[in-house]
Amino acid sequence: MEKKYKNTFKQGAIPSEFIANAIAKHQSKKDIGAHNIFLGQVRADEVDGKIVSAIEYTAYEEMANQKFHEVREATFEKYNLSCMHVYHSLGTVETGEICLFVFVSSPRRKEVFEALEYVVEKIKSEVPVFGKEIFEDESHQWKVNS
Amino acid sequence: MEKKYKNTFKQGAIPSEFIANAIAKHQSKKDIGAHNIFLGQVRADEVDGKIVSAIEYTAYEEMANQKFHEVREATFEKYNLSCMHVYHSLGTVETGEICLFVFVSSPRRKEVFEALEYVVEKIKSEVPVFGKEIFEDESHQWKVNS
Amino acid sequence: MKVEIKYFGMLAEITGCSTERFTVVDLKMAGLKKELLKKYPDFANTDFRMAQNKELVTDTTLLTGKEIAVLPPFAGG
Amino acid sequence: MKVEIKYFGMLAEITGCSTERFTVVDLKMAGLKKELLKKYPDFANTDFRMAQNKELVTDTTLLTGKEIAVLPPFAGG
């Protein structure tokens with residue numbers, strides 16, 4: 001029996017209304033004193049005179065969702081958080097659009113700063129997501145996290 | 001001649017739509033790769049069996065706006081940021097509502113994590129804002145940052 | 001020297017007013033603080049700080065008379 | 001042993017397919033990697049890693065045949 005993990009992926013860019021909605025939902029959680037949000041945005045990088053116009057994300061989805069789950073468990077174990085939400089784009093995300101949304105909440109601020117950075121670094125290094133940078137002339141190169 | 005500083009205060013709670021709008025405005029800034037957002041939310045703390053229902057914020061506004069400006073200058077000097085925005089509530093903010101919104105953006109993620117924490121700690125320690133915690137029975141106590 | 005003093009937060013609650021004129025003899029901040037504590041003994045219950053011309057100052061700072069404020073603990077955020 | 005291999009990102013671009021059946025004789029991951037590099041010399045240009053049953057594995061890991069994947073550098077976020 002395979003365990004089925006929550007799907008962290010969303011098709012396309014993450015709209016700002018989606019983020020607003022996630023924030024608004026936490027107004028009923030009255031023990032929360034601090035939220036910290038990380039947003040990854042696609043940059044129009046220049047490579048050899050060509051400008052990136054979009055990133056096309058693919059993933060080893062089953063493994064990625066399992067890794068997202070493991071990162072979540074490890075983070076709750078390490079930090080005193082009230083909530084944590086992660087969303088990552090799949091498919092095409094244009095420059096200027098949001099491709100990663102990480103949202104942590106806690107009674108106190110110290111916890112959210114450390115927890116958010118921990119989660120983002122873990123996602124970058126442990127979750128099998130792949131990005132094809134599409135240039136304006138439709139050529140491409142494969143993105144590598146630094 | 002007194003220098004006039006930008007007003008960082010907003011009357012009442014900061015709505016989630018306002019935050020969404022601030023995020024959306026940055027989609028045209030195509031050198032940005034990472035945003036980091038801190039939100040302070042009013043907690044329904046319990047003190048001697050009474051529950052906080054709101055905080056009423058006041059400030060030494062002229063000094064506070066000058067201090068916000070100084071924090072802003074110091075942060076841009078210290079970190080490679082593309083943008084930085086800060087909003088703080090004045091007046092009554094109910095529990096579950098947002099009273100502080102700090103938004104920093106940079107080409108790269110390392111900068112935003114450090115910069116955001118720096119800004120929030122500076123605001124807490126250097127900006128003369130005062131908070132009256134109102135209990136459900138309409139009694140109150142004065143909040144002190146820890 | 002005559003100075004105008006601003007009170008905020010719980011200090012304004014204690015004084016019952018947000019600005020007040022004060023005549024000071026000792027021109028060091030410490031002297032003004034002593035007079036404030038004499039008039040408002042409840043100030044001693046809080047960790048208040050003094051600002052002059054929108055900057056925090058110490059006991060040894062000289063009064064210039066420009067925008068003096070008594071600030072209770074900060075609670076922003 | 002027959003194993004099915006998944007390819008992702010630039011590796012799938014090199015192979016031209018996203019899954020492929022492979023017959024391996026050496027049951028260590030290193031052996032499979034060697035055969036992959038023989039078939040796809042361009043794999044050598046990237047820093048690829050192997051996963052088995054959704055966990056990253058090393059050269060000395062034994063093949064169980066369960067869900068083997070070849071992963072190019074991660075680029076999430």
Side-chain angles (χ1 to χ4, degrees), chain A residues 13-46 51-53 55 82 93-110 112-114 116-121 123-124 145-146, chain B residues 13-46 51-53 55 82 93-110 112-114 116-121 123-124 145-146:
Chain A
I14 298 162
S16 57
E17 298 77 24
F18 182 85
I19 297 161
N21 194 31
I23 295 166
K25 273 187 201 157
H26 287 77
Q27 302 211 333
S28 58
K29 306 223 171 183
K30 306 222 167 165
D31 62 322
I32 291 174
H35 302 290
N36 200 352
I37 293 173
F38 179 85
L39 302 174
Q41 183 166 304
V42 175
R43 272 198 317 271
D45 279 349
E46 191 184 318
I51 309 283
V52 172
S53 69
I55 295 181
S82 309
V93 182
E94 314 267 331
T95 52
E97 292 184 326
I98 307 292
C99 57
L100 173 61
F101 171 29
V102 183
F103 186 6
V104 296
S105 310
S106 169
R108 309 211 163 259
R109 72 184 181 280
K110 289 282 179 201
V112 293
F113 290 125
E114 286 186 36
L116 187 71
E117 185 164 3
Y118 175 82
V119 172
V120 173
E121 295 305 327
I123 289 172
K124 297 257 178 192
N145 276 348
S146 55
Chain B
I14 297 161
S16 56
E17 298 76 26
F18 182 86
I19 297 161
N21 194 32
I23 295 167
K25 272 188 201 155
H26 287 75
Q27 303 213 332
S28 58
K29 306 223 171 183
K30 307 225 168 164
D31 62 321
I32 291 175
H35 302 290
N36 200 352
I37 294 171
F38 179 85
L39 302 173
Q41 181 167 304
V42 175
R43 272 198 315 272
D45 278 349
E46 191 184 318
I51 309 284
V52 171
S53 69
I55 295 181
S82 310
V93 182
E94 313 267 331
T95 53
E97 293 184 325
I98 307 293
C99 56
L100 173 63
F101 170 28
V102 183
F103 186 6
V104 297
S105 310
S106 170
R108 308 208 164 262
R109 72 183 183 281
K110 289 283 178 201
V112 294
F113 290 125
E114 286 185 36
L116 186 71
E117 185 165 4
Y118 175 83
V119 173
V120 173
E121 295 305 325
I123 291 172
K124 296 257 179 190
N145 276 348
S146 55

Any donor-acceptor pair under 3.5 Å linking the side chain of Q41(A) with the backbone of H26(B)?
yes
Applying a strict 4.5 Å limit to non-hydrogen atoms, the region of V52(A) in contact with chain B is neither
Per-residue tally against chain B (heavy atom, under 4.5 Å) across Q27(A), R43(A), E97(A), E94(A) peaks at R43(A)
Find the one option among K110(B), E17(B), K124(B) whose heavy-atom pairs under 4.5 Å with chain A are most numerous.
K124(B)
Looking only at C99(A), P15(A), A20(A), most heavy-atom pairs under 4.5 Å shared with chain B are made by A20(A)
Side chain, backbone, both or neither: which part of E121(A) has an atom under 4.5 Å from a heavy atom of chain B?
side chain
For R109(A), is there an ion pair with E117(B) - N to carboxylate O distance below 4.0 angstrom?
no
With chain A as the partner chain, list the residues of residues 28-35 of chain B whose heavy atoms fall under 4.5 Å from it, by residue number, and write 'none' if nothing qualifies.
K29(B), K30(B), D31(B), I32(B), G33(B), A34(B), H35(B)
Working to the nearest 0.5 angstrom, can you tell me the gap between F103(A) CZ and L39(B) CG?
6.5 Å
When I37(A), L116(A), V102(A) are each screened for side chain to side chain contact (heavy atoms under 4.5 Å, CB included) with N36(B), the one that passes is L116(A)
Considering non-hydrogen atoms only, spot the tightest contact between A24(B) and S16(A) and give its length.
CB-OG, 3.7 Å
State the CD1-CD1 distance between I23(B) and I19(A), to the nearest 0.5 angstrom.
4.5 Å
